[in-house]
Amino acid sequence: MTSRTSGGEPRVIKPHGNRRWSRIKRDYELYLFLLPIIILYLIFKYYPMYGVQIAFKDFSPSQGIWGSEWVGFQHFIDFFDSYNFWTIITNTLSLSFLSLIFGFPAPIIISIMLNQMLGKRYKKFVQTVIYAPHFISTVVLVGMLNVFLSPNSGIVNHIITWFGGEPILFMADEGWFRPLYILSGIWQETGFSTIIYLAALAGVNPELHEAAIMDGASKWKRIWHVDIPGILPTIVILLILALGNIMSIGFEKAFLMQSDLNYATSNIIPTYVYEMGIQKAEYSFSTAVGLFNSLINIILIVTVNRVAKKLTETSLW
């Protein structure tokens with residue numbers, strides 16, 4: 001295909017497919033770098049998705065996935081009609097929203113406070129202290145909770161008895177499950193999220209602060225009118241991701257903290273899927289519950305992303 005230039009000379013126009021292939025040949029090293037990740041995702045993420053079809057079948061291990069009988073949406077209907085459906089949904093949403101309300105602003109506040117510190121040594125010390133819990137495994141974290149909150153030997157109950165109170169069964173009381181889950185999560189993950197916001201604050205133009213100081217702005221006004229608008233795109237992106245995963249609470253910690261005494265509040269969708277799928281071998285039913293949970297997450301993240309794009313012009317895509 002040819003066309004004429006402004007001087008009247010013929011110019012060859014390459015087809016779109018040829019241009020794309022030439023870019024691939026030019027940057028083939030970058031595509032080779034991506035190849036291991038693509039293969040990893042295909043094997044461990046996408047290939048297992050074919051097994052999701054057992055949510056619509058009466059799965060039998062002896063007959064296999066393809067040989068099992070189709071039952072349509074029966075497992076979903078059974079889950080919606082189950083006596084504990086609303087309890088599980090309420091527990092999951094309550095734990096997720098409370099974790100978001102109390103946990104999401106914490107790293108923003110701490111990162112702004114650290115950004116205002118003048119002492120570099122003290123700043124690095126505080127960063128190290130709040131970041132260190134991120135490396136503690138969930139099993140160790142729950143073990144620490146059991147030790148510190150033990151009614152007989154825990155330091156917390158010792159302090160309570162010193163002031164004339166009675167020991168509290170923190171880990172067995174259903175009323176304490178959510179506060180302990182949320183507070184331990186804030187303690188463990190705030191430091192990691194703080195690093196992201198500190199990096200965003202480092203990108204704020206210092207000339208804006210200088211101009212605000214020249215105008216007589218106080219430190220609080222500079223935080224409100226310079227720092228927060230500067231990191232607002234980062235806040236929006238992380239909020240979209242957090243809201244999109246509102247139904248995906250970590251299984252490990254909830255399962256390790258769960259007991260017969262706090263089961264009423266600790267029974268959430270991930271632990272329920274484990275109970276029905278692994279302990280009771282109801283594979284199709286548990287797959288249907290897990291698929292329902294994933295669909296809700298997809299709907300939430302798409303909805304929140306569109307709303308954020310209209311309101312703030314910042315979105316994931």
Side-chain angles (χ1 to χ4, degrees), residues 1-57 64-66 104 107-108 111 127 131 134-135 137 189 191-208 229-248 250-252 287 290-317:
M1 183 181 297
T2 61
S3 64
R4 296 288 179 178
T5 62
S6 58
E9 299 177 356
R11 179 178 60 187
V12 178
I13 300 177
K14 295 182 179 180
H16 181 69
N18 291 340
R19 292 202 305 270
R20 180 180 298 175
W21 178 246
S22 64
R23 287 199 300 267
I24 294 175
K25 290 177 63 177
R26 182 188 62 193
D27 302 325
Y28 74 94
E29 297 95 341
L30 300 177
Y31 290 99
L32 288 177
F33 273 114
L34 288 174
L35 189 60
I37 302 298
I38 294 173
I39 294 174
L40 184 70
Y41 267 75
L42 288 175
I43 295 175
F44 295 102
K45 299 293 184 179
Y46 288 95
Y47 176 70
M49 285 184 184
Y50 90 97
V52 172
Q53 63 182 294
I54 69 173
F56 307 95
K57 292 186 172 186
I65 295 177
W66 294 104
F104 188 79
I108 302 174
S111 61
Q127 282 183 274
Y131 185 51
H134 177 72
F135 297 98
S137 69
E189 299 299 335
F192 180 80
S193 300
T194 299
I195 294 176
I196 300 174
Y197 290 113
L198 283 173
L201 285 168
V204 176
N205 191 348
E207 294 181 358
L208 296 175
I231 64 174
L232 186 60
T234 304
I235 295 174
V236 172
I237 293 296
L238 294 179
L239 182 61
I240 293 172
L241 294 174
L243 289 172
N245 292 320
I246 203 72
M247 299 284 286
S248 298
F251 161 77
E252 259 188 324
T287 303
L291 183 58
F292 164 76
N293 190 43
S294 300
L295 289 175
I296 296 298
N297 280 331
I298 293 173
I299 294 171
L300 283 173
I301 197 168
V302 171
T303 304
V304 173
N305 185 75
R306 288 185 176 180
V307 172
K309 190 172 184 179
K310 289 182 179 180
L311 296 179
T312 65
E313 298 183 356
T314 302
S315 61
L316 291 175
W317 64 83

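- At least one side-chain heavy atom of Phe56 sits less than 4.5 Å from a side-chain heavy atom of Leu291.
- Here Glu29 contributes atom CD and Leu34 contributes atom CG; the two are 12.0 Å apart, rounded to the nearest 0.5 Å.
- Counting all heavy atoms, side chain and backbone alike, Gly230 lies closest to Val204 at CA-CG2, 4.1 Å.
- In this structure, CD1 on Ile38 lies 10.5 Å from OH on Tyr46, to the nearest 0.5 angstrom.
- Atom CD1 in Ile195 sits 7.5 Å away from atom CG in Leu198 (nearest 0.5 Å).
- Remark: Ile196 CD1 to Ile235 CD1 distance equals 12.0 Å, nearest 0.5 Å.
- In this structure, the separation between CG on Leu295 and CG on Leu300 is 11.0 Å, given to the nearest 0.5 Å.
- Not counting sequence neighbours, the partners of Tyr47 by the ring pair (Phe, Tyr, Trp, His ring centres under 6.0 Å) test are Tyr50.
- Shown here is Glu207, whose CD atom has no more than 12 heavy atoms of other residues, nucleotides or ligands within 6.0 Å.
- Residues Leu201 and Ile231 are in side-chain contact: their nearest non-hydrogen atoms beyond the backbone lie under 4.5 Å apart.
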Intermediate values then yes/no, side chain to side chain contact (heavy atoms under 4.5 Å, CB included), Gln127 and Thr194: CA-CA 8 Å; Gln127 282 183 274; Thr194 299; 5.9 Å; no
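- Atoms OG1 and CD1, on Thr303 and Ile298 in that order, are 11.5 Å from each other to the nearest 0.5 Å.
- Residue Ile65 comes nearest to Lys57 through the heavy atom pair O-NZ, 2.7 Å, listed as atom of the first residue, atom of the second, then distance.
- Residues satisfying the ring pair (Phe, Tyr, Trp, His ring centres under 6.0 Å) criterion with Tyr131, sequence neighbours excluded, are His134, Phe135.
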